[in-house]
Amino acid sequence: MASHHQQPHSPRYRGRFAPSPTGPLHFGSLVTAVGSLLEARRHQGSWTLRIDDIDPPREAPGATDAILRTLERFGFQWDGPVVYQSRRLDLYSEALDRLRRSAYAYGCACTRREIANVAVNGPNGLIYPGTCRQGLPPGRRTRAWRVRCDNTSIRFHDRFQGPMDTLLAETIGDFVVRRADGHFAYHLAAAVDDGSDGITHLVRGCDLLWCTPPQRYLQQLLGLPVPECGHLPIVVNRAGQKLSKQNHAPPLDIKQPEVQVWDALAALRQQPPAALRRGSLDMLWAWAMEHWQPDAVYGLASTATP
């Protein structure tokens, strides 16, 4: 495994994989997990597992257990206990209180339809036009809580996608941190978790690239450490659509883990030896740990299923 010289004062590399239990893992999830784990091990770092279960309406019964079983069957070994977002609601509540006290968070009365009628589309969906920013219209009550962005510029260098520089107000707008249904929004939960857990490097799929600016912004506002990040290419099907549960991506086949891990390495342009595709899973992982080349996917936003 490649050695990595650490500066004496730099925190030890700590990565994570954080699936949502909205259904079984598919090939796209596997590619992200493989790249995330290998990048952590390349730095002799730890790799933790978090279950992002804060969206009960979208969760599938039994999905969490199925995800854990699948990862074990595919030879993944994580460090420390599994973290569950559903057990951390107090942390998110405390973060929201801090944002409210500092006047960065404000109540929003707008319905989805009202926003859709006036908003323009940005990379993360509709850009909120700021209707309730100066206070609620008369006779309206708070539905959701938003964070004001002002002219904040978020700059970072993505390990796989290169330099990013965006004005939050223009690309994302004031974003939701607590939804109208009372659930905490993904941006707040992920920002608080990564900051609180001491995650030093965030490696995830390119479909979440535009989640990074608002999450980094929240970490800055809350005084949390901001991890470095890298967004791996997403896997697309033959029609060019991202593999996802919404697009009915087939679940991973737990009967053939070595074939699919080999395919994931191929999708990440690692060129694993053909002989290992039907060999032992342990040997395949040993080869992958020894030969991981992160630069092979630099600048790649998507990759096809082999």
Side-chain angles (χ1 to χ4, degrees), residues 15-37 40 47-74 76 78 80-89 91-93 95 123-125 144 175-197 199 201-216 218-219 227 229-237 241-252 254 260 264 302:
R16 54 82 158 166
F17 178 58
S20 302
T22 53
L25 295 178
H26 53 72
F27 185 68
S29 329
L30 178 65
V31 168
T32 299
V34 167
S36 165
L37 174 66
W47 188 73
T48 58
L49 181 62
R50 187 178 81 215
I51 300 294
D52 283 2
D53 57 348
I54 50 153
D55 195 355
R58 290 183 59 230
E59 281 154 30
T64 296
D65 288 343
I67 287 169
L68 297 178
R69 278 200 311 273
T70 301
L71 288 171
E72 283 172 349
R73 180 75 180 89
F74 276 66
F76 287 94
W78 53 89
V82 179
V83 171
Y84 295 88
Q85 284 191 327
S86 59
R87 298 176 191 171
R88 296 185 140 184
L89 302 182
L91 270 183
Y92 312 143
S93 192
N124 248 5
F175 55 89
V176 170
V177 282
R178 190 165 197 165
R179 303 180 340 197
D181 62 7
H183 295 298
F184 290 102
Y186 171 67
H187 288 328
L188 182 71
V192 168
D193 284 332
D194 290 336
S196 314
D197 292 345
I199 300 300
H201 292 72
L202 193 60
V203 176
R204 57 185 178 185
C206 218
D207 51 324
L208 296 173
L209 180 61
W210 281 100
C211 291
T212 297
Q215 288 170 16
R216 288 175 86 89
L218 285 171
Q219 285 161 340
C229 59
H231 289 79
L232 294 163
I234 56 164
V235 180
V236 294
N237 61 21
Q241 300 166 311
K242 174 196 146 190
L243 281 198
S244 67
K245 292 158 195 146
Q246 287 86 350
N247 289 331
H248 309 296
L252 292 170
I254 58 169
Q260 291 159 98
S302 65

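Computed over heavy atoms, backbone and side chain alike; hydrogens, waters and symmetry mates excluded. Start at 1 with the first residue, then count along the sequence. For clarity, every value in this text was computed on a predicted model and none was experimentally measured.
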Run the numbers on Leu218 and Val177 for side chain to side chain contact (heavy atoms under 4.5 Å, CB included), then give the verdict.
CA-CA 10 Å; Leu218 285 171; Val177 282; 4.2 Å; yes
Roughly how far, to the nearest 0.5 Å, is [atom2] of [Y] from [atom1] of [X]?
X: Phe76; Y: Leu25; atom1: CZ; atom2: CG; answer: 8.5 Å
X: Asp207; Y: His231; atom1: CG; atom2: NE2; answer: 8.5 Å
X: Ser36; Y: His201; atom1: OG; atom2: NE2; answer: 11.5 Å
X: Thr64; Y: Asp52; atom1: OG1; atom2: CG; answer: 10.0 Å
X: Phe27; Y: Thr32; atom1: CZ; atom2: OG1; answer: 10.0 Å
X: Tyr186; Y: Gln85; atom1: OH; atom2: CD; answer: 8.0 Å

Just say parallel, tilted or perpendicular for the rings of Phe17 and Trp47, cut-offs at 30° and 60°.
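The arrangement is parallel - the two ring planes meet at less than 30°.
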Do [X] and [Y] touch side chain to side chain, with heavy atoms closer than 4.5 Å?
X: Leu208; Y: Gln215; answer: no
X: Thr48; Y: Val83; answer: no
X: Cys211; Y: His187; answer: yes

Examine the side chains of His183 and Arg178 and answer whether a donor and an acceptor come within less than 3.5 Å of each other.
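Short answer, no.
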Taking only residues two or more places apart in sequence or in another chain, which ones pass side chain to side chain contact (heavy atoms under 4.5 Å, CB included) with Ala66?
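If we apply the side chain to side chain contact (heavy atoms under 4.5 Å, CB included) test to Ala66, skipping adjacent residues, the hits are Arg69.
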Please name the pair of heavy atoms, one in [X] and one in [Y], separated by the smallest distance, quoted to 0.1 Å.
X: Ile54; Y: Ser86; answer: CG2-N, 4.1 Å
X: Ser20; Y: Ile67; answer: O-CD1, 3.9 Å
X: Thr212; Y: Cys229; answer: CG2-SG, 3.9 Å
X: Ser302; Y: Val236; answer: CB-CG1, 4.0 Å
X: Cys206; Y: Ile234; answer: N-CG2, 3.6 Å
X: Tyr92; Y: Leu188; answer: O-CD2, 3.7 Å

Donor-acceptor check, side chain of Ser196 to backbone of Val192, threshold 3.5 angstrom: yes or no?
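Here the side-chain-to-backbone pair exists.
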Side-chain donor or acceptor of Glu59 paired with backbone N/O of Pro21 under 3.5 Å:
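No, because the side chain of Glu59 does not come within donor-acceptor range (under 3.5 Å) of the backbone of Pro21.
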Strictly by salt bridge (Lys or Arg N to Asp or Glu O under 4.0 Å), give each pair with a member in residues 180-190 just once, sequence neighbours left out.
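Listed by first then second residue: Arg179-Asp181.
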Kindly state each residue pair satisfying salt bridge (Lys or Arg N to Asp or Glu O under 4.0 Å) with at least one member in residues 24-35, sequence neighbours excluded.
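Residue pairs passing salt bridge (Lys or Arg N to Asp or Glu O under 4.0 Å), neighbours aside: none found.
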Stepwise side chain to side chain contact (heavy atoms under 4.5 Å, CB included) check, Thr22 with Asp55:
CA-CA 9 Å; Thr22 53; Asp55 195 355; over 6 Å; no
Hey, which of Arg204, Arg16, Arg216 is the one that makes salt bridge (charged side-chain N to carboxylate O under 4.0 Å, His left out) with Asp194?
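Of Arg204, Arg16, Arg216, salt bridge (charged side-chain N to carboxylate O under 4.0 Å, His left out) with Asp194 is met by Arg16 alone.
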Side chain to side chain contact (heavy atoms under 4.5 Å, CB included) evaluation trace for Thr70 with Leu30:
CA-CA 10 Å; Thr70 301; Leu30 178 65; over 6 Å; no
Kindly determine whether Val82 and Ile51 satisfy side chain to side chain contact (heavy atoms under 4.5 Å, CB included), including the steps that lead there.
CA-CA 7 Å; Val82 179; Ile51 300 294; 3.8 Å; yes
Got more than 12 heavy atoms from elsewhere within 6.0 Å of CG, Leu91?
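Result for CG/Leu91: enclosed.
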